[in-house]
> 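Have a look at this one.
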Amino acid sequence: MKNSIWVYRLFDVAEEINLEQVEKILAHGHQAARMRLSRIRPKSIQFKNPPVAVELGECQVAIGRHDLNASFTGKIYDLGVIGIIMRVPVREGATYEEVRDLAVDLYNDDKIESVFVGMLDTMRKTLAGALVKEAFNGFIEDFTVYYFQDWDQSWDPAPLLLAESEPLSEQVRRETLRNSFSYGKDDLTIITWDSAIVYDSTGSNDIPDLLEFANSQLLELRYYDNLLTGEMGKMYDAIEEAENTSSIRRLGRYRRIMNQLMELIADITEITERIDNSLKVTEDVFYARIYGTALSIFRTKAWEESINRKISIINQSYTMLSNRIINQRSELLELTIIILIMLEVVLGLLGVMK
């Protein structure tokens with residue numbers, strides 16, 4: 001498909017996915033391969049563990065008033081993400097208005113969600129043996145790429161990016177087109193929060209793949225930020241419950257809470273480091289700018305800061321509990337000493353009386 005619309009859905013389905021096991025599972029009967037960028041030298045970009053791409057075939061999809069033959073691809077990430085990409089062809093010779101209306105129909109059509117969910121269920125069943133701590137909690141990222149090998153310079157990209165048929169103000173247009181990139185005369189990339197236009201006359205998938213990877217990182221950061229919020233709520237409840245028990249039992253409860261907090265901090269720290277280090281663009285300045293801009297637009301730094309703040313609060317709670325244990329031990333020790341002194345006095349008095 002020279003020109004097409006790529007609709008992405010990324011799902012968090014597990015704590016981790018064993019990609020070596022995925023390759024073994026898909027070796028029979030599926031066309032699968034590790035993702036790699038085609039237009040730069042391998043050392044210019046470092047994938048810690050490149051995702052596995054698998055072709056899922058074609059099917060008829062009803063979009064607006066049209067039945068279109070869409071093709072599907074799956075992407076499996078070791079971070080615990082499964083991505084599904086639906087590619088909807090743009091008819092050769094289609095007018096700008098036809099492409100814009102198709103973009104609007106895709107944006108407003110909720111029926112395609114059932115297609116993605118069906119594909120996801122099939123993939124989860126197929127890859128069950130490779131999913132570590134499988135759990136789908138409804139965390140999804142969506143993104144759309146308008147991909148062109150032929151781009152008419154007279155076309156207005158802003159309505160496509162916004163899937164909007166109404167006239168746009170100059171301010172909205174300026175803001176929408178603010179993050180535009182070109183390496184040569186025959187390419188163009190424009191990135192927004194939930195969509196992008198990619199014009200590449202060579203047919204390379206490199207930039208859509210980079211944008212997809214950035215979305216997978218955003219999804220994981222959102223998931224673990226939410227997980228920490230829930231764990232902090234449990235921590236406060238556990239501390240409050242411990243406060244209402246006797247001093248001796250309270251110490252045991254505090255220790256259990258502290259052990260759980262340290263395990264949580266270690267797990268989240270390891271996972272966030274894996275997310276940060278999953279992709280490094282080292283030498284290609286153009287790709288580095290596109291990837292860095294995508295992360296900035298998706299506000300991944302804000303999610304990282306939120307996670308770090310919550311880890312800091314948990315660390316403070318750990319320190320508070322540790323100090324309480326030390327204080328309670330000191331109080332118990334002092335009480336024990338007083339009891340021993342009193343016992344010694346009583347025994348001494350009893351000896352005198354004899």
Side-chain angles (χ1 to χ4, degrees), residues 1-10 61-66 68 70 85-113 116 140-201 205-212 214-215 218-219 222 286-287 289-303:
M1 290 180 284
K2 293 184 69 175
N3 301 329
S4 52
I5 301 176
W6 301 9
V7 183
Y8 291 79
R9 294 293 184 272
L10 285 83
V61 179
I63 300 170
R65 300 183 303 274
H66 308 285
L68 300 175
I85 307 101
M86 177 177 73
R87 292 180 174 87
V88 178
V90 172
R91 182 180 63 82
E92 190 171 350
T95 65
Y96 172 77
E97 288 73 18
E98 288 176 323
V99 178
R100 183 200 60 200
D101 291 346
L102 177 57
V104 172
D105 287 341
L106 277 167
Y107 183 80
N108 293 317
D109 194 336
D110 294 332
K111 296 191 295 294
I112 62 172
E113 299 306 323
F116 284 108
I140 304 171
E141 277 298 328
D142 60 275
F143 196 74
T144 303
V145 171
Y146 302 96
Y147 186 85
F148 298 91
Q149 285 184 254
D150 296 317
W151 172 252
D152 190 329
Q153 299 293 337
S154 67
W155 285 10
D156 184 358
L160 288 180
L161 289 163
L162 299 176
E164 181 60 72
S165 57
E166 297 297 322
L168 303 174
S169 70
E170 194 56 39
Q171 179 184 359
V172 169
R173 186 185 309 282
R174 232 181 3 256
E175 185 64 25
T176 304
L177 305 181
R178 185 161 57 95
N179 295 294
S180 301
F181 304 88
S182 289
Y183 188 82
K185 294 181 178 181
D186 295 324
D187 71 278
L188 172 68
T189 298
I190 308 172
I191 308 171
T192 72
W193 167 253
D194 61 356
S195 62
I197 283 177
V198 177
Y199 161 48
D200 190 322
S201 61
N205 295 347
D206 287 2
I207 291 175
D209 285 344
L210 281 176
L211 297 176
E212 179 188 344
N215 268 286
L218 168 64
L219 175 62
R222 282 182 51 233
F286 182 65
Y287 278 9
R289 285 181 61 207
I290 289 176
Y291 178 63
T293 299
L295 293 178
S296 176
I297 293 171
F298 301 156
R299 299 182 67 246
T300 56
K301 185 63 68 177
W303 289 104

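Residue numbers count from 1 along this sequence.
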> Roughly how far apart are N215 CG and D142 CG, rounded to 0.5 Å?
8.0 Å

> Test F143 against every option in Y107, F298, W193 by the ring-ring contact (aromatic ring centres under 6.0 Å, His included) rule and name the one that passes.
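With F143 as partner, ring-ring contact (aromatic ring centres under 6.0 Å, His included) holds for just one option, F298.
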
> Hey, which of L106, V145, I63 is the one that makes side-chain contact (heavy atoms from CB on, under 4.5 Å) with I5?
L106

> Quick one: closest heavy-atom pair of I140 and R222, and the distance?
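Between these two residues, the closest heavy atoms are O-NH1, 3.2 Å.
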
> Angle between ring planes, F181 versus F286, binned at 30° and 60°: parallel, tilted or perpendicular?
perpendicular

> Can you tell me how far CD1 of I190 sits from OG1 of T293, rounded to the nearest 0.5 angstrom?
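Answer rounded to 0.5 Å: 13.0 Å.
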
> Without swapping roles, check the side chain of S180 against the backbone of L177 for a donor-acceptor pair under 3.5 Å.
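Yes.
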
> Looking only at heavy atoms, what is the nearest atom pair of E164 and E166, with distance?
OE2-N, 3.1 Å

> Give me the one residue out of N205, N3, I207 that meets side-chain contact (heavy atoms from CB on, under 4.5 Å) with Y147.
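Between Y147 and the candidates, side-chain contact (heavy atoms from CB on, under 4.5 Å) is satisfied uniquely by N205.
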
> Can you give me the closest heavy-atom contact between A214 and A294, atom names plus distance?
CB-CB, 4.2 Å

> Assign the ring pair W151 / W155 to parallel, tilted or perpendicular, where the plane angle (0 to 90°) is split at 30° and 60°.
perpendicular

> Is there a side chain to side chain contact (heavy atoms under 4.5 Å, CB included) between E212 and I85 once you walk through the steps?
CA-CA 10 Å; E212 179 188 344; I85 307 101; 4.0 Å; yes

> State which residues pass salt bridge (Lys or Arg N to Asp or Glu O under 4.0 Å) with K111; sequence neighbours excluded, sorted by chain then number.
D109

> When rounded to the nearest 0.5 angstrom, what distance separates OH in Y199 from CD in Q149?
9.5 Å

> Could you check if a side-chain atom of T176 sits within less than 4.5 angstrom of a side-chain atom of L168, using non-hydrogen atoms only?
no

> What's the separation between atom OG in S201 and atom CG in L188, rounded to the nearest 0.5 Å?
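The OG atom of S201 sits 11.5 Å away from the CG atom of L188.
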
> Between E98 (side chain) and T95 (backbone), is there a donor-acceptor pair under 3.5 Å?
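Answer holds: yes.
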
> Evaluate side chain to side chain contact (heavy atoms under 4.5 Å, CB included) for R9 paired with I112, printing each intermediate quantity in order.
CA-CA 11 Å; R9 294 293 184 272; I112 62 172; 4.2 Å; yes

> Any ion pair linking E97 and R100 (charged N to carboxylate O, less than 4.0 Å)?
no

> On a heavy-atom basis, which atom in S154 and which in D152 lie closest, and how many Å separate them?
OG-OD1, 2.7 Å

> With heavy-atom distances below 4.5 Å as the criterion, would you say the side chains of Y146 and P157 are in contact?
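The answer is no; the side chains never approach within 4.5 Å.
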
> For a quick test of reading the model, state the closest non-hydrogen atom pair linking V7 to F116 and the distance between them.
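Shortest heavy-atom contact: O-CZ, 3.7 Å.
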
> With no hydrogens and no angle check, do the side chains of D206 and Y287 hold a donor and an acceptor under 3.5 Å apart?
yes

> Do L160 and Y96 touch side chain to side chain, with heavy atoms closer than 4.5 Å?
yes

> Tell me if the CZ atom of R173 is crowded by more than 12 foreign heavy atoms within 6.0 Å.
yes

> Checking side-chain contact (heavy atoms from CB on, under 4.5 Å) between I191 and each of L161, I197, I297, V198, which is the one that passes?
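Only match with I191 under side-chain contact (heavy atoms from CB on, under 4.5 Å): I297.
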
> Between atom OH of Y8 and atom OG1 of T144, what is the distance when rounded to the nearest 0.5 Å?
9.5 Å

> Roughly how far, to the nearest 0.5 Å, is CG of L295 from CG of L211?
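If I round to the nearest 0.5 Å, the distance is 9.5 Å.
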
> Which pair of non-hydrogen atoms, one from S4 and one from P89, has the smallest distance, and what is that distance?
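Closest approach of S4 to P89, heavy atoms only: CB-CA, 4.0 Å.
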
> Evaluate side chain to side chain contact (heavy atoms under 4.5 Å, CB included) for T300 paired with L218, printing each intermediate quantity in order.
CA-CA 6 Å; T300 56; L218 168 64; 4.1 Å; yes

